[in-house]
Protein chains: 2
Amino acid sequence: MLARMERADVTIPLIAQRANVTPSTIYRRWGDLQELLADVAASRLQPETEPLKTGSARMDLQAWAEQYADEMSSGAGRQMIRDILAVSDTANAEKCSGYTQQQLRVIVARAEEQGEAFPTLTELMDFVISPIMYRILFDQVPNSDYIHGLISRVMPKGAPSPETAEATVDVSGA
Amino acid sequence: MLARMERADVTIPLIAQRANVTPSTIYRRWGDLQELLADVAASRLQPETEPLKTGSARMDLQAWAEQYADEMSSGAGRQMIRDILAVSDTANAEKCSGYTQQQLRVIVARAEEQGEAFPTLTELMDFVISPIMYRILFDQVPNSDYIHGLISRVMPKGAPSPETAEATVDVSGA
DNA sequence: CAGCTAAAAGCAAATAATTTGCGTTAGCAA
DNA sequence: TTGCTAACGCAAATTATTTGCTTTTAGCTG
């Protein structure tokens, strides 16, 4: 697998050999290594499953965002993002953002179905996804507490927090 | 100037020629073109002046953020960001984020001096800079209204908005 | 200042990647 | 079947990259 190789050692002639084609075939289709890697990365970032259902939309969001941050801040994840951003064609970057929105829309829809107060898709992109991605790209990788803080802050006032709900259960259970 | 060339036409042998050195000198210092371009981009992103003083810290922020977004979303700006993110070494990306924080700290300090209620540096990075950068990288470029909205949202409750201040002036002037 | 040393640069040959022209093939429509 | 087109293979030409060795340079030391 190409994935386990050092990135500097991946070359078009090498890829051509593994694919049993001539290098010129690849050069003609993609132009250069970066465009090929960008396409590969974008296809690998396509989500295969819907966000897990945990109980409340808020908890779905918390779990999903943590997994998102983990995947994106791993060595392989960061590399894929860089590959996508490295080329001047923005199609793959937009595709990548589209995948994220698609996932979040599912969670937003669940909240709506259940009448749960919830942020809009735009708010989630701006105040949860964007800070996570910025930190991954320019700063230190975000941890679980940080993500929790982002979500707390973007939740509409008066929306029940997981802690509140838990406390309620505790009281009724006692 | 290399800046006016098509990016695909910039090569190390070419740069070497303009610099009157041998290509091997550049290869030995930087390894490859991407690392060189990343270093160049980072040095060009270093701000030369402090944020403009307009009257209130909030207006300083608004003006500065708009200029930041303009510069970063221009063709040259996006290219520099991509160059910085393309290499696996994160030093330049962190430097770039550091420049931004340094500029914002100046504005935050002004607010504090004047007792103006103001967001923290972290809040500005998370809820103003990050969304702007995410949109530049993955989405459509942010416009002035969008930035204004981000700033309105991050301002502490009760902080006077520019509109309020203006209205006050109008009333007293009438 | 002369001489020493280490780091950086030049030079050129060897290797590797990229581009390109041309011939071949595969799929498809008339 | 024939003709068309798009994609591919092949190989030569070009260009970029790596490397060993030599030369220069800058900073010191005696």
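In what follows, every heavy atom counts, from backbone to side chain, and hydrogens, waters and symmetry copies are set aside. Note on naming: letters A, B, ... go to the chains in the order of the sequence lines (proteins, then strands), and numbering restarts at 1 for each one.
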ask   = Without hydrogens or angle criteria, can the side chains of R82(A) and Q79(A) be said to hold a donor-acceptor pair below 3.5 Å?
value = yes

query = Taking C-beta and beyond as the side chain, do V154(A) and F127(B) meet within less than 4.5 Å on heavy atoms?
reply = no

message = Just the rounded figure in Å: distance from C1' of dG21(C) to OH of Y27(A).
response = 17 Å

message = Using whole Å, what does the distance between atom P of nucleotide dC10(D) and atom CG of N20(A) come to?
response = 11 Å

task = Give the rounded distance in Å between these two atoms: CD1 of I26(B) and P of dT19(D).
result = 17 Å

ask   = Rounding to a whole Å, what distance do you find between R29(B):CZ and dA7(C):P?
value = 13 Å

task = Nearest whole angstrom, please: distance from the P of dC22(C) to the CZ of R28(A).
result = 12 Å

query = Atom CH2 of W30(A) and atom P of dA17(C): how far apart are they, to the nearest Å?
reply = 18 Å

Whole-Å gap separating P (dA9(C)) and CD1 (I12(B)) = 14 Å

V21(A) vs L33(B), nearer the 5' end of DNA chain D by closest nucleotide = V21(A)

task = Give T11(B) one of three labels, base, sugar-phosphate or nothing, depending on what nucleic acid heavy atoms sit under 4.0 Å from its own.
result = sugar-phosphate

request  = State whether T25(A) places a side-chain N or O below 4.0 Å from either non-bridging phosphate oxygen (OP1 or OP2) of dC8(D).
outcome  = no

query = Heavy atoms, side chains only, cut-off 4.5 Å: are N92(A) and K95(A) in contact?
reply = yes

inquiry  = Tell me the interatomic distance from D9(A), atom CG, to dA17(C), atom P, rounded to whole angstroms.
reply    = 10 Å

ask   = Are the side chains of L124(A) and Q101(A) in touch, meaning some heavy atoms are under 4.5 Å apart?
value = no

ask   = Looking at dC8(D), does its base get a donor-acceptor pair with the side chain of S24(A) below 3.5 Å?
value = no

Side chain of T22(B) (C-beta onward), nearest among dT18(C), dA8(C), dG10(C) = dG10(C)

